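To start, the structure itself, in structure tokens.
Lettering of chains follows the sequences in order, A, B, ..., and the numbering in each one begins at 1. As the structure is a prediction and not an experimental result, all values here were calculated from the model.
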2 protein chains.
Amino acid sequence: MDAPPHWLTSEQQAAWDSFIRMQEKLIGRLSRQVQADSRMSPSDYIVLAKLTEAGGRMRLMDLAKLVEWEKSRMSHQVGRMAKRGLVTKEDCPDDGRGAFIVATPEGREAIEEAAPVHVEHVRRLFIDALTQEELDALARIANRVLTHMEKQPD
Amino acid sequence: MDAPPHWLTSEQQAAWDSFIRMQEKLIGRLSRQVQADSRMSPSDYIVLAKLTEAGGRMRLMDLAKLVEWEKSRMSHQVGRMAKRGLVTKEDCPDDGRGAFIVATPEGREAIEEAAPVHVEHVRRLFIDALTQEELDALARIANRVLTHMEKQPD
DNA sequence: CTAGTGTGGATGACACGTCAACTAAATGGC
DNA sequence: GCCATTTAGTTGACGTGTCATCCACACTAG
């Protein structure tokens, strides 16, 4: 009969707006900073971080799952990174289709140089703005949203 | 003497990871949904929403400031949207450099159709996962981070 | 062994964002 | 009025993300 309540309450809207705004500003700024002081793209950073963290040698598909990317995106990304000398691709003996992605020394050096700087930025922009209680609250909220999302269709 | 504490505590790291993960999943999913059920890109949606909200006729620069984009991005975006018939560009009589961006009827129709669906998705994926207290807490945290970021260099 | 299916990965077309350079008109000082 | 400086907006190159498609190899059933 009567239409469902289409819009958000002003409090809900305010929360959503604040979240979106903060998320955009924060991510945007961190991205620009990674690029500025490491000459790597944010994607390069993530991939290299996860790759070296896992030993520096991984199957493309495993890497994609680890970072939660689709394989196509990872394939493109790895291709570009190979062109820049950050990683190399090796054939996989066990699986004729397979490819190992291997971090080059330059790649290792790049990430080892970039990581502390990046963490410093995260601390300065984000961590330092909040108390540990607020961080805990945020983590709890984020995890709640994540588990709730998993139950939703689509 | 001793190096500064380079890394985050495990609690800090956990909070950061949860936030990033939730943010990526949520934004990713909402983006795909906008595209799926409106045949508009997320950028189209935002621009059209803000534009019509403001009367459907605005200077490009004002629009850019409103959405907090740089003018270049807005110019490209508006160009594409014009090509798709969502907006048109009109010369500005008062300012020879200027351009008015005007939402076309098709643009208005598109956003009016897409908005309720999008809000429903936001509600379903995000709002419904949290209590009003949690939403308030999140808003407070987000605003804290935002004001803290404004004080930081860069 | 072989036919069908599934999986790892590459590829190409396209939309998007960023950066730097550029044009042209407005503005302010003199 | 004239020159220097802003400001509005465009443009092109480039790196990136997505989607659909494709290929080669692996696996399984028969």
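- Rounded to a whole Å, the CZ atom of Phe100(B) is 14 Å from the P atom of dT10(D).
- Asp91(B) comes within 4.0 angstrom of nothing in the nucleic acid, heavy atoms only.
- Look at CD1 on Ile101(B): it is 13 Å from P on dA8(D), rounded to the nearest Å.
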Inset, instruction - With side-chain hydrogen bond (donor to acceptor under 3.5 Å, both in side chains) as the test, would you mind laying out the steps for Asp37(A) and Gln33(A) before giving the verdict? - result: CA-CA 6 Å; Asp37(A) 44 49; Gln33(A) 268 157 351; over 6 Å; no
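- Each of dG15(D), dG12(C), dA26(D) was ranked by its minimum atom distance to the side chain of Asp95(A); first place goes to dA26(D).
- For the pair Met40(B) CE and dC16(C) C1', the interatomic distance rounds to 15 Å; values are reported in whole Å.
- If you take CE of Met74(B) and P of dT11(D), they are 16 Å apart, rounded to a whole angstrom.
- Here the P atom of nucleotide dT7(D) and the NZ atom of Lys71(B) are 10 Å apart, to the nearest Å.
- The phosphate of dA10(C) has OP1 or OP2 within less than 4.0 Å of a side-chain N or O from Lys89(A).
- The 12-atom threshold is exceeded at CD of Glu11(A), counting heavy atoms of other residues, nucleotides or ligands nearer than 6.0 Å.
- Look at Arg80(A) and you'll find a side-chain N or O under 4.0 angstrom from OP1 or OP2 of dG17(D).
- Between Arg97(B) and dT7(D), a side-chain N or O to OP1/OP2 separation shorter than 4.0 Å is absent.
- Side-chain contact of Thr104(B) with Glu106(B): a donor-acceptor pair under 3.5 Å is present, judged by distance alone.
- Closest contact between the side chain of Gln77(B) and the listed nucleotides dT18(D), dG9(D), dG17(C) involves dG17(C).
- Between Ser72(A) and dT11(C) there is no side-chain N or O to OP1 or OP2 distance below 4.0 Å.
- The CG atom of Leu86(A) sits 13 Å away from the P atom of dG15(D) (whole-angstrom rounding).
- A side-chain donor from one of Asp44(A) and Gln77(A) sits under 3.5 Å from a side-chain acceptor of the other.
- When the nearest nucleotides of DNA chain C are assigned to Arg32(A) and Gly98(A) by heavy-atom distance, the more 5′-ward of the two goes with Gly98(A).
- In this structure, Glu70(B) atom CD and dT10(D) atom P are separated by 14 Å, rounded to whole Å.
- Taking only side-chain nitrogens and oxygens, Ser75(A) comes nearer than 4.0 Å to OP1 or OP2 of dA10(C).
- Checking Gln35(A) against His76(A), the closest nucleotide of DNA chain C that is more toward the 5' end is the one next to His76(A).
- Between Glu150(A) and Lys25(B) there is no salt bridge, since none of the side-chain N atoms of the basic residue sits less than 4.0 Å from a carboxylate O of the acidic one.
- As rounded to whole Å, 21 Å separates atom P of dG17(D) from atom CZ of Arg29(B).
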